[in-house]
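Keep in mind the model is a prediction, meaning the values are calculated, not measured. Order of the sequence lines fixes the chain letters, A, B, ..., with proteins taken first and strands second; residue numbering starts at 1 for each chain. Because only heavy atoms are used, hydrogens play no part in the values below, and waters and symmetry mates are left out as well, while side chains stay in.
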2 protein chains.
Amino acid sequence: MFSKACEYGIRAAVYVALQSLEGRRVSVNEIAEEIDSPIAFTAKILQQLTRSKVIHSVKGPTGGFEIERTDMDTVKLSMIVHAIDGDDIYVGCGLGLKECNAKKPCPLHDKFVAIRTDLKKMLESTSLYELATGLEVGLTYLKR
Amino acid sequence: MFSKACEYGIRAAVYVALQSLEGRRVSVNEIAEEIDSPIAFTAKILQQLTRSKVIHSVKGPTGGFEIERTDMDTVKLSMIVHAIDGDDIYVGCGLGLKECNAKKPCPLHDKFVAIRTDLKKMLESTSLYELATGLEVGLTYLKR
DNA sequence: AAAATAAAGGACAATTTTATCCGAATTATA
DNA sequence: TATAATTCGGATAAAATTGTCCTTTATTTT
Ligand code: FES
Ligand code: FES
């Protein structure tokens, strides 16, 4: 469904949000440790998320990654997925035709679009805050 | 969503079904031409589909690939996806945890499972015959 | 029986994705 | 001002996926 990079990106963003709720700024090393992901690769992904304004970074000692409380509400999963995986998931054809096109649809078009629309709605309506709060109360996990 | 191999596999299977409805057995070359896919790679995928009994192959002159009319009803998309991409799409966690597990769910679990369940139902209820008939009447396309 | 046709299968090549490493830039603190 | 901590960015490496080529096997036709 999502690329590895995107999976790490979402987990990382949720962890940053969780820690920001506690007023803590976190380093790449801590993030990678807590979400169980490869450090250097995670660093690359955090750079992407920073460039696309999903999270905020601060260099130097005491630096790290953080996200404003208000941004946790406006940042939706769709922004993270778009920043990392692009819009393939939105415009691509399920059977791999050049593009999804209702005028000349592939045999799976209608059924595929129905599911993709649900996925899109879900991604566009789910905020980072929502995901972080589940973690906060111990209902959900970022690693096992 | 699906791998390239799986996309080619589904398109190929639908084309074989369409031609079998007309009583024609088709070669790898014709299939690759008609679904606009790389020939040798498509041949590999057709081997997988043959081994997993999705389609039937005949060697030698006048040989090629075909599928029985009755099998077009029993063969569902889920079988093709499973034969080529395995069961990742069914058991995998949306955020990349080792496995999807409701006892220790990732933050996206509930929302992800809802969509995955719909996808699963769709794949399990869509037959090759159903996809081939749309093509037959010129409503859908396998290439553009 | 020989020749021709088509799938099967193995080895290899190219591309993309995932992952690592290391030096440069930035900034707080001693 | 020097040092250390931290992100940034480029180069490179490893692994997985996608794609090609060529030989073998089965089968039909001559
Ligand atoms: S054309 Fe294939 S999904 Fe729309
Ligand atoms: S645990 Fe992540 S989707 Fe179920």
Rounded to whole Å, please give me the gap between [atom1] in [X] and [atom2] in [N].
X: B/K4; N: C/dT16; atom1: NZ; atom2: C1'; answer: 12 Å
X: A/I84; N: C/dA19; atom1: CD1; atom2: P; answer: 13 Å
X: B/E30; N: C/dA7; atom1: CD; atom2: P; answer: 10 Å
X: A/I39; N: C/dA19; atom1: CD1; atom2: P; answer: 13 Å
X: B/L46; N: C/dA8; atom1: CG; atom2: P; answer: 8 Å
X: A/I55; N: D/dC8; atom1: CD1; atom2: C1'; answer: 13 Å
X: A/D85; N: C/dT16; atom1: CG; atom2: P; answer: 16 Å
X: B/Q48; N: D/dG19; atom1: CD; atom2: P; answer: 13 Å

- Query: So which one's nearest nucleotide on DNA chain C is more toward 5', B/V28 or A/S3?
  - Reply: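 Going by which nucleotide is closer to the 5' end, it is B/V28.
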- Item | Earlier contact from the 5' end, DNA chain C, for A/A5 and B/G60 |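 Counting from the 5' end, the first nearest nucleotide belongs to B/G60.
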[X] side chain: which of [options] is closest?
X: B/K59; options: D/dT25, C/dA28, C/dT5; value: D/dT25
X: B/P38; options: D/dG19, D/dT28, C/dA8; value: D/dG19
X: A/F41; options: D/dT29, C/dT20, C/dA8; value: C/dT20
X: A/S27; options: D/dT7, C/dC21, D/dT28; value: D/dT7
X: A/K44; options: C/dT20, C/dT18, D/dA4; value: C/dT20

Considering just the side-chain nitrogens and oxygens of [X], establish if one lies under 4.0 Å of OP1 or OP2 belonging to [N].
X: B/S57; N: C/dA8; answer: yes
X: A/Q47; N: D/dG9; answer: yes
X: A/Y8; N: C/dT18; answer: no
X: B/R25; N: C/dA7; answer: no

Would you find a donor on one side and an acceptor on the other, under 3.5 Å apart, between the side chain of [X] and the backbone of [Y]?
X: A/R116; Y: A/Y90; result: yes
X: A/D85; Y: A/S3; result: yes
X: A/R11; Y: A/L142; result: yes

- More 5' along DNA chain D: A/G63 or A/R51, using each one's nearest nucleotide?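 The 5'-side residue here is A/G63.
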- Message: Checking side chain to side chain donor-acceptor pair (under 3.5 Å) between A/R25 and each of A/H56, A/E30, A/E66, which is the one that passes?
- Response: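 Per the side chain to side chain donor-acceptor pair (under 3.5 Å) rule, the option paired with A/R25 is A/E66, out of A/H56, A/E30, A/E66.
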- Item | Heavy atoms from other residues, nucleotides or ligands near CD of B/E68 exceed 12 (cutoff 6.0 Å) |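 No, because the 6.0 Å sphere around CD of B/E68 holds 12 heavy atoms or fewer from other groups.
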